[in-house]
Amino acid sequence: MLKKSMFSAIAVLLLVSFGTGQALASVGGTPPPSQQWSTDGFFGAFDRAQLKRGYQVFQEICSSCHSIRLIYYRNLQEIGFTEDEVKEIAAEFEVPAGPNEDGETHEDGEPIMRKAKPFDKIVNPFANDNAARAANAGALPPDLSLMTKARPGFADYVYALMVGYKDAPEGFKLQEGMSYNEYFPGHQIAMGPPLSDEGVEYADGTKATVDQMARDITAFLIWTAEPELEERKRLGVKVLIFLLVFTAMLYAVKRQVWSDQH
Ligand code: HEC
């Protein structure tokens, strides 16, 4: 009897810990088909080469409209860029400098700028939301840092959105400047298809198909949403091992204590 309930307890534990939150995103468009990610499952981990490709897609394409405001340049070291590479990447961008010796922050009405450093946040393409809307026909390109965590299963949605652009079906009234996307709620999206084959030339030589780029950028956004994912999973494994050992010990003690009763 006890043995049975012990096994079912372990089974429940395993089930709970292996569940990856596959609940379908209720986004109102066509439900996105579920994809496989290297970070799925109990032993999931980041694929650093893929994250670097994803950053390249973000930088060369998405960052002209979207911010990832939770990420600093120095964080890019965590996905495999060296310290010097991060310095070089940061130095390509400019941020407002602090006040100079005279306490001035502006010169001739223009803010004083300096090159970005690894400790700066990844530079936002627009000064503020109004400027972002103005450049996008009134629609706001949302910050992408936490996008894949917006709802359970949202990584699948981001991938689906990237590959979901189609011609509008006959009879569908598409407004001026909008694109048809199978997975976007209502199917009319103010973002034109951001990816096209060879949209980037990957530094590692991988062929840049739309599918490849869509997977890489999504993997990158899984990382921006939870850079500490690997630590969390490792801790989970440790806790599970502890619980298994602990359960076995309790069982041994129980047998010992009850041995003369049998
Ligand atoms: C030319 C500007 C532009 C570029 C480049 C761009 N986006 Fe967008 N994006 C937008 C706008 C505008 C919206 C808001 C769309 C709307 O609300 O209809 C948006 C919305 C989104 C959304 C949210 C969709 C939703 O369900 O609300 C995601 C995710 C997204 N973009 C990802 C990306 C990724 C990834 C890239 C790079 C591969 C990218 N975007 C490139 C302008 C852009």
Side-chain angles (χ1 to χ4, degrees), residues 23-35 37 39 50-71 76 79 89 93 122-166 168 172-203 206-226:
L24 268 187
S26 52
V27 286
T30 307
S34 98
Q35 307 293 328
W37 303 105
T39 39
Q50 177 170 49
L51 295 186
K52 280 172 92 171
R53 289 197 300 274
Y55 171 71
Q56 199 182 337
V57 175
F58 172 77
Q59 192 46 61
E60 290 182 23
I61 302 177
C62 324
S63 75
S64 55
C65 300
H66 292 277
S67 55
I68 37 168
R69 74 185 101 165
L70 295 182
I71 303 296
L76 296 175
I79 65 172
I89 292 173
F93 302 90
I122 290 199
V123 170
N124 200 325
F126 299 105
N128 52 52
D129 284 0
N130 284 341
R133 280 185 196 279
N136 286 282
L140 181 67
D143 185 80
L144 294 181
S145 345
L146 295 176
M147 189 51 79
T148 59
K149 285 251 159 161
R151 298 198 190 92
F154 226 56
D156 295 340
Y157 169 70
V158 172
Y159 166 80
L161 190 71
M162 294 291 110
V163 300
Y165 286 91
K166 294 209 167 101
F172 188 94
K173 280 212 187 70
L174 202 58
Q175 280 162 8
E176 176 86 31
M178 304 289 268
S179 302
Y180 185 86
N181 190 300
E182 197 177 338
Y183 300 99
F184 189 70
H187 303 301
Q188 285 207 61
I189 184 163
M191 166 171 71
L195 301 178
S196 55
D197 285 328
E198 314 290 324
V200 301
E201 197 180 310
Y202 276 132
T206 303
K207 197 166 168 7
T209 60
V210 168
D211 183 76
Q212 182 71 47
M213 289 183 284
R215 284 180 198 285
D216 294 346
I217 181 65
T218 307
F220 176 72
L221 295 177
I222 292 175
W223 172 75
T224 62
E226 197 187 357

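Start at 1 and go down the list; that is how both ligands and their atoms are numbered.
Going from atom CD of Gln56 over to atom CD1 of Ile89 covers 9.5 Å, rounded to the nearest 0.5 Å.
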Short N or O separations between ligand 1 and the protein, below 3.5 Å:
{"from": "ligand 1", "atom 1": "7 (N)", "to": "His66", "atom 2": "NE2", "distance (Å)": "2.8"}
{"from": "ligand 1", "atom 1": "9 (N)", "to": "His66", "atom 2": "NE2", "distance (Å)": "2.8"}
{"from": "ligand 1", "atom 1": "18 (O)", "to": "Ala190", "atom 2": "N", "distance (Å)": "2.8"}
{"from": "ligand 1", "atom 1": "26 (O)", "to": "Tyr157", "atom 2": "OH", "distance (Å)": "2.5"}
{"from": "ligand 1", "atom 1": "31 (N)", "to": "His66", "atom 2": "NE2", "distance (Å)": "2.9"}
{"from": "ligand 1", "atom 1": "40 (N)", "to": "His66", "atom 2": "NE2", "distance (Å)": "2.8"}

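Note on ring orientation: taking the six-membered ring where Trp is involved, the planes of Tyr159 and Trp37 are perpendicular (angle over 60°, cut-offs 30° and 60°).
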Expected list for residues 188-200: side-chain donor-acceptor pairs under 3.5 angstrom, two or more places apart:
{"from": "Gln188", "atom 1": "OE1", "to": "Gln175", "atom 2": "N", "distance (Å)": "2.9"}
{"from": "Gln188", "atom 1": "NE2", "to": "Lys173", "atom 2": "O", "distance (Å)": "3.2"}
{"from": "Asp197", "atom 1": "OD1", "to": "Val210", "atom 2": "N", "distance (Å)": "2.8"}

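You'll find the side chain of His66 reaches within 4.5 Å of the side chain of Pro142, heavy atoms only. For the pair Ile68 and Phe58, the minimum side-chain heavy-atom distance is below 4.5 Å.
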**OP:** Could you please spell out the steps behind the salt bridge (Lys or Arg N to Asp or Glu O under 4.0 Å) verdict for Arg133 and Asp129?
**Re:** CA-CA 6 Å; Arg133 280 185 196 279; Asp129 284 0; 5.9 Å; no
